[in-house]
> 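Before I ask anything, let me first share the structure, which is written out below as structure tokens.
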Amino acid sequence: MQDYRDFIDEVLVSEEQIRVRVAELGKQISADYAGEDLLVVCLLRGGLTFAADLTRQLSIIHELDCMSLSSYGTGNYASSGNVRVNLDLITNIEGRHVLLVEDIADSGRTLSHVLTLLSTREPKSLRSCVLLDKKMRREVPMVADYVGFDIPDKYVFGYGIDIDERYRHLSFIGGADLDKYIKPE
Ligand code: IMP
Ligand code: MG
């Protein structure tokens with residue numbers, strides 16, 4: 001397995017920057033949903049680390065559920081927008097306040113697909129929170145309600161975000177130099 005140090009360009013967001021920003025988001029979300037019954041929906045697997053940290057910064061009582069999607073028919077390191085549900089929610093979201101938690105908004109296809117799907121189940125409200133937003137990459141109009149960091153058009157990894165399913169465990173977000181990266185066999 002290739003060491004990330006062999007292909008990292010730069011640390012895009014440090015562990016400390018993440019910690020501070022996640023605490024701010026937790027505070028803001030807690031204020032916005034004060035007195036409400038909130039269901040946090042973590043999009044697996046990229047949103048896992050973020051959701052785990054974010055929910056521990058919420059001072060309001062809430063529930064957590066998870067959903068897993070995959071996009072198919074995709075090229076290298078880009079989402080095609082053909083999204084399939086691998087694992088659906090256990091919770092019935094009808095009449096609930098739902099907050100989707102995702103790692104990255106890139107073309108916007110994944111989130112807009114999930115938002116459309118979940119809205120058919122008639123939640124009371126439906127919002128999204130992304131750790132990273134690559135706004136200049138947007139191909140469909142999708143605006144996240146909460147954004148951790150706006151980042152440039154760059155392939156990133158760490159803090160839940162993978163390259164070929166690896167490097168999710170890193171506690172910072174790195175930018176990858178894909179010319180130096182060797183794809184596993
Ligand atoms: P979208 O559907 O194009 O917005 O893509 C969103 C999904 O693509 C995210 O949930 C990630 O799984 C993946 N993705 C987008 N950019 C990156 C990246 O830089 N590194 C790793 N995964 C990414
Ligand atoms: Mg993802």
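Position 1 is the first residue of the sequence, and the numbers go up from there. Both counts, for ligands and for their atoms, begin at 1 and track the order of listing.
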> Under a heavy-atom criterion of less than 4.0 Å, does Ile163 contact ligand 1?
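No heavy atom of Ile163 comes that close to ligand 1.
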
> If you count heavy atoms of other groups shown closer than 6.0 angstrom to CD of Glu24, is the number above 12?
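Yes, because the 6.0 Å sphere around CD of Glu24 holds more than 12 heavy atoms from other groups.
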
> After noting the C-alpha distance and the side-chain angles of Asp162 and Arg45, does the key distance pass the side chain to side chain contact (heavy atoms under 4.5 Å, CB included) rule?
CA-CA 9 Å; Asp162 71 301; Arg45 286 165 276 178; over 6 Å; no

> Determine, using ring centers only, whether Tyr159 and Tyr167 are less than 6.0 Å apart.
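No, the ring centres sit 6.0 Å or more apart.
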
> Pair Ile173, Val11 - check side chain to side chain contact (heavy atoms under 4.5 Å, CB included), show working.
CA-CA 6 Å; Ile173 291 158; Val11 172; over 6 Å; no

> For His113, state whether at least one heavy atom is located under 4.0 Å from any atom of ligand 1.
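Under 4.0 Å: no for His113.
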
> Is there a heavy atom of Phe157 sitting under 4.0 angstrom from any atom of ligand 1?
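No; Phe157 lies far enough from ligand 1 that no heavy-atom distance drops under 4.0 Å.
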
> Quick check on Gly46 - does any of its heavy atoms sit under 4.0 Å from an atom of ligand 1?
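For ligand 1, residue contact (heavy atoms, under 4.0 Å) with Gly46 is absent.
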
> Any idea which atoms of ligand 1 are less than 4.0 Å away from a heavy-atom of Ile161?
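Under 4.0 Å from Ile161, ligand 1 has these atoms: 20 (N), 21 (C), 22 (N).
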
> May I ask which of Gly47, Ser112, Gly158, Gly108 has a heavy atom nearer to atom 4 (O) of ligand 1 than the others do?
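That would be Gly108.
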
> May I ask you to say whether Asp133 pairs ionically with Arg138, meaning some side-chain N is under 4.0 Å from a carboxylate O?
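Answer for the salt bridge query: yes.
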
> Can you tell which part of Val156 has a heavy atom less than 4.0 Å from ligand 1: side chain, backbone, both or neither?
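It is both parts that get close, each with some atom under 4.0 Å.
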
> Could you tell me which atoms of ligand 1, counted from 1 in the order shown, lie closer than 4.0 angstrom to a heavy atom of Glu102?
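Taking each heavy atom of Glu102 in turn, ligand 1 has 9 (C), 10 (O) under 4.0 Å.
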
> At less than 4.0 angstrom from any non-hydrogen atom of Asp162, what atoms of ligand 1 do you find?
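In order of numbering, the contacting atoms are 21 (C).
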
> Of all the atoms in ligand 1, which lie at a distance below 4.0 Å from a heavy atom belonging to Thr110?
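Listed by number with element, the hits are 1 (P), 2 (O), 5 (O), 6 (C).
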
> Could you tell me whether Arg137 approaches ligand 1 through its side chain, its backbone, both or neither, with non-hydrogen atoms closer than 4.0 Å?
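Contact part for Arg137 vs ligand 1: neither.
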
> Could you check whether Arg166 makes a cation-pi contact with Tyr4, meaning its NZ or CZ is under 6.0 Å from the centre of the six-membered ring and within 45° of the ring axis?
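No, cation not above the ring by the 6.0 Å, 45° rule.
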
> Check the pair Ile151, Leu12 against side chain to side chain contact (heavy atoms under 4.5 Å, CB included), reporting the backbone distance first and the verdict last.
CA-CA 8 Å; Ile151 61 163; Leu12 218 59; 4.1 Å; yes

> Thinking salt bridges, do Lys124 and Glu94 make one under a 4.0 Å N-O criterion?
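Result for this pair is no, no salt bridge flagged.
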
> Using the side-chain hydrogen bond (donor to acceptor under 3.5 Å, both in side chains) rule, pick out the option among His62, Arg96, His97 that qualifies with Asp37.
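Between Asp37 and the candidates, side-chain hydrogen bond (donor to acceptor under 3.5 Å, both in side chains) is satisfied uniquely by Arg96.
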
> Within the 4.0 Å heavy-atom shell around Lys134, which atoms of ligand 1 are there?
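Near Lys134, meaning under 4.0 Å from one of its heavy atoms, ligand 1 has 16 (N), 17 (C), 18 (C), 19 (O).
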
> Near Ser107, which atoms of ligand 1 are under 4.0 Å from a heavy atom of that residue?
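Per the distance check, 1 (P), 2 (O), 3 (O), 4 (O).
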
> Give the minimum heavy-atom separation between Phe50 and Leu131, together with the two atoms involved.
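Answer, listing the atom of Phe50 first, then Leu131: CE2-N, 3.4 Å.
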
> Answer with side chain, backbone, both or neither: which part of Met142 has a heavy atom less than 4.0 angstrom from an atom of ligand 1?
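For Met142, no heavy atom sits under 4.0 Å from ligand 1.
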
> Against heavy atoms of Lys154, which atoms of ligand 1 measure under 4.0 Å?
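Matching atoms, with element in brackets: 19 (O).
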
> What part of Asp103, side chain, backbone, both or neither, has a heavy atom within less than 4.0 angstrom of ligand 1?
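For Asp103, only side-chain atoms sit under 4.0 Å from ligand 1.
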
> One thing to verify: whether Asp6 and Lys180 come together as a salt bridge, which I'm taking to mean a side-chain N less than 4.0 angstrom from a carboxylate O.
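No.
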
> Run down the list Val130, Val140, Leu12, Ile104 and name the one with the heavy atom closest to atom 6 (C) of ligand 1.
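Comparing heavy atoms across Val130, Val140, Leu12, Ile104, the nearest one to atom 6 (C) of ligand 1 lies in Ile104.
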
